[in-house]
Amino acid sequence: MIPAAFEYFSPQSVKEAIGLLEKHGDDAKILAGGHSLLPIMKLRLAQPKVIVDIGRISGLSGIKADGQKVAIGALATHDAIERDAVLKEKCPLLAETAAVIGDMQVRNRGTIGGSAAHADPAADYPAALLALGAEIVATGPKGTRTIPAGEFFVEMLTTALKPTEIITELRVPVLARGTGAAYQKHPHPASGYAVVGVAAVVTLSGGKCKSAAIGVTGVAGKPYRATAVEKALTGQSLDEATVAKAAAHAAEGVDPQGDLYASGQFRAHLASVYTKRAVLLAASRAK
Ligand SMILES: Cc1cc2nc3c(=O)[nH]c(=O)nc-3n(C[C@H](O)[C@H](O)[C@H](O)COP(=O)(O)OP(=O)(O)OC[C@H]3O[C@@H](n4cnc5c(N)ncnc54)[C@H](O)[C@@H]3O)c2cc1C
């Protein structure tokens, strides 16, 4: 349980951190809250020779409204996101999701940038980021680019980030009037990670579903949008029977993964159950 030896750097700016990533290439790893990286280093599943600790770079942890978006610094902790007044008012789905991550120690140290970059298939945020159509802002040697959440999560533990890029910000939309959102999760009893987690963003108009976005985590190797459910909900009145029928498609088109705790079949079943719950709750909030 002791990590392999490594060299430690504590850059004071994003530019300095990127310079270190360029210099050390595959030998280097960014450290943020350490709550995913340190456990795998202790198990020696990762043995970076160089650690670039971005935790002391100022200006990367703020949360602020910016027009029709809320901009969240990559170093914002889960706890800060759970408690933030701007997010609670303008995009409560993210605060609700942060509140059910791990335990208090994890929420105090873990960061949204670290969670997104790690791309654990059982992490909670990815479901919400997908349903919200969030943007991930990455800064590298050539400047800054914006990656839509739908293109960011490539496969298990793999994202669209380049090795010399750092997530500096995430941007989520301000939810409009008539839109409701909810995150519902079946937590693993030991770790708290999502066995299945479903984020729903539902917009109602004239008593019917104008649009629905459903993000699912935990079921497959990477988080996904349940597009078959979205299609089945659009244009419908969201009564319990209609939502249950649509939610039955929650694992359509994906390959549900099994492990010692939950088989793929059970995960697919849970995906339907939690999709139904998330959609009904989101719809009730949209009213
Ligand atoms: C006991 C326990 C329970 C947990 N339960 C849950 C849970 O229920 N739900 C959940 O979602 N998560 C859970 N987690 C994971 C937790 O949320 C982590 O904090 C999070 O996954 C990683 O964030 P971090 O800041 O700790 O990143 P780190 O561990 O520091 O880094 C993780 C990875 O991301 C990279 N990285 C970090 N920041 C950046 C950045 N800004 N740009 C580019 N790359 C970056 C690192 O190089 C590393 O590869 C749990 C963790 C523990 C230890």
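We use all heavy atoms of the structure for the numbers below, so side chains are in, but hydrogens, waters and symmetry mates are not. Note that ligands are numbered from 1 as they come in the structure, with each ligand's atoms numbered from 1 the same way.
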**Prompt:** Just by distance, do the side chain of Arg107 and the backbone of Ile101 share a donor-acceptor pair under 3.5 Å?
**Reply:** yes

**Message:** Closer than 4.0 Å to some heavy atom of Lys29 - which atoms of ligand 1 meet that?
**Reply:** 47 (O), 49 (O)

**Message:** With a 3.5 Å distance limit and no angle check, can you tell me whether Arg285 reaches the backbone of Ala181 through a side-chain donor-acceptor pair?
**Reply:** yes

**Request:** May I ask you to identify the nearest protein heavy atom to atom 41 (N) of ligand 1, giving residue, atom name and distance to one decimal place in Å?
**Result:** Ile167 O, 3.0 Å

**Asked** Honestly curious: do Val243 and Leu204 fall in one hydrophobic cluster under the side-chain, below-4.5 Å linking rule?
**Response** yes

**Complete:** The closest protein heavy-atom partner of atom 3 (C) of ligand 1 is Ser191 O, 3.4 Å

**Message:** To check your reading of the model: name the closest protein heavy atom to atom 15 (C) of ligand 1, its residue, and the distance in Å.
**Reply:** Tyr193 OH, 3.0 Å

**Prompt:** Val100, Ile214: one ILVMFWY side-chain cluster at the under-4.5 Å cut-off?
**Reply:** no

**Same cluster (ILVMFWY, side-chain, under 4.5 Å), Phe6 and Leu43** = yes

**Request:** Pick one of side chain, backbone, both or neither for how Lys185 approaches ligand 1, counting any non-hydrogen atom pair under 4.0 Å.
**Result:** side chain

**Single-linkage hydrophobic cluster Tyr125~Val172, side-chain heavy atoms < 4.5 angstrom** = yes

**Complete:** Under 4.0 Å between heavy atoms, the region of Ile54 that gets near ligand 1 turns out to be side chain

**Asked** Out of Gly34, Pro48, Ser36, who gets a non-hydrogen atom closest to atom 22 (C) of ligand 1?
**Response** Ser36

**Request:** Could you tell me whether the side chain of Glu16 and the main chain of Gln12 form a donor-acceptor pair under 3.5 Å?
**Result:** yes

**Enumerated ligand 1 atoms positioned under 4.0 Å from heavy atoms of Leu161** = 43 (C)

**Nitrogen or oxygen atoms of Gly192 and ligand 1 under 3.5 Å apart** = yes

**Message:** Measuring from non-hydrogen atoms of Arg107 to any atom of ligand 1, is the shortest distance under 4.0 Å?
**Reply:** no

**Request:** Return a yes/no value for Ile166: is any of its N or O atoms, backbone included, closer than 3.5 angstrom to an N or O of ligand 1?
**Result:** no

**Request:** Return the residue, atom name and 0.1 Å-rounded distance of the protein heavy atom closest to atom 9 (N) of ligand 1.
**Result:** Asp124 OD2, 2.6 Å

**Asked** Counting only heavy atoms, which portion of Asp120 has something under 4.0 Å from ligand 1: side chain, backbone, both, or neither?
**Response** neither

**Under 3.5 Å: donor-acceptor pair, side chain of Thr179, backbone of Leu175** = no

**Message:** Quick check on Arg171: does its CZ atom have over 12 non-hydrogen neighbours (other residues, nucleotides or ligands) under 6.0 Å away?
**Reply:** yes

**Protein heavy atom at shortest distance from atom 19 (O) of ligand 1** = Gly110 CA, 3.1 Å

**Asked** Purely on distance, is any nitrogen or oxygen of Leu37 under 3.5 Å from one on ligand 1?
**Response** yes

**Item:** Contact partition for His188 relative to ligand 1, non-hydrogen atoms under 4.0 Å
**Value:** neither

**Asked** Considering Ala117, Ser115, Gly33, Ala127, which one's heavy-atom position lies nearest to atom 23 (O) of ligand 1?
**Response** Ser115

**Prompt:** Does Tyr261 share a hydrophobic cluster with Val219, counting links as ILVMFWY side-chain heavy atoms below 4.5 Å and allowing steps through other members?
**Reply:** yes

**Request:** Output yes when a side-chain donor or acceptor of Arg267 lies under 3.5 Å from a complementary backbone atom of Ala251, and no otherwise.
**Result:** no

**Prompt:** Considering only protein heavy atoms, which is closest to atom 39 (C) of ligand 1, and at what distance to one decimal place?
**Reply:** Ile30 CG2, 3.9 Å

**Prompt:** To which protein heavy atom is atom 1 (C) of ligand 1 closest, and what is the distance rounded to 0.1 Å?
**Reply:** Val106 CG2, 4.0 Å

**Item:** Donor-acceptor under 3.5 Å (Arg145 side chain, Val137 main chain)
**Value:** no

**Request:** Decide whether an N or O pair under 3.5 Å exists between Tyr125 and ligand 1.
**Result:** no

**Prompt:** Do Thr139 and Thr168 meet the criterion of a side-chain donor-acceptor pair at a distance under 3.5 Å?
**Reply:** yes

**Fill in**
Here the atoms of ligand 1 under 4.0 Å from any heavy atom belonging to Thr111 are 23 (O), 24 (P), 25 (O)

**Message:** Using salt bridge (charged side-chain N to carboxylate O under 4.0 Å, His left out), reason through Glu7 and Lys49 one step at a time and then give a plain yes or no.
**Reply:** CA-CA 6 Å; Glu7 208 178 342; Lys49 293 197 175 73; over 6 Å; no

**Closest to atom 37 (C) of ligand 1 among Ala119, Ala190, Gly114 (heavy-atom distance)** = Gly114

**Message:** Pairs of nitrogen or oxygen atoms closer than 3.5 Å, one from Ala32 and one from ligand 1: do any exist?
**Reply:** yes

**Request:** Quick one: look up the protein heavy atom nearest atom 5 (N) of ligand 1 and list residue, atom name and how far away it is.
**Result:** Gly102 CA, 3.4 Å

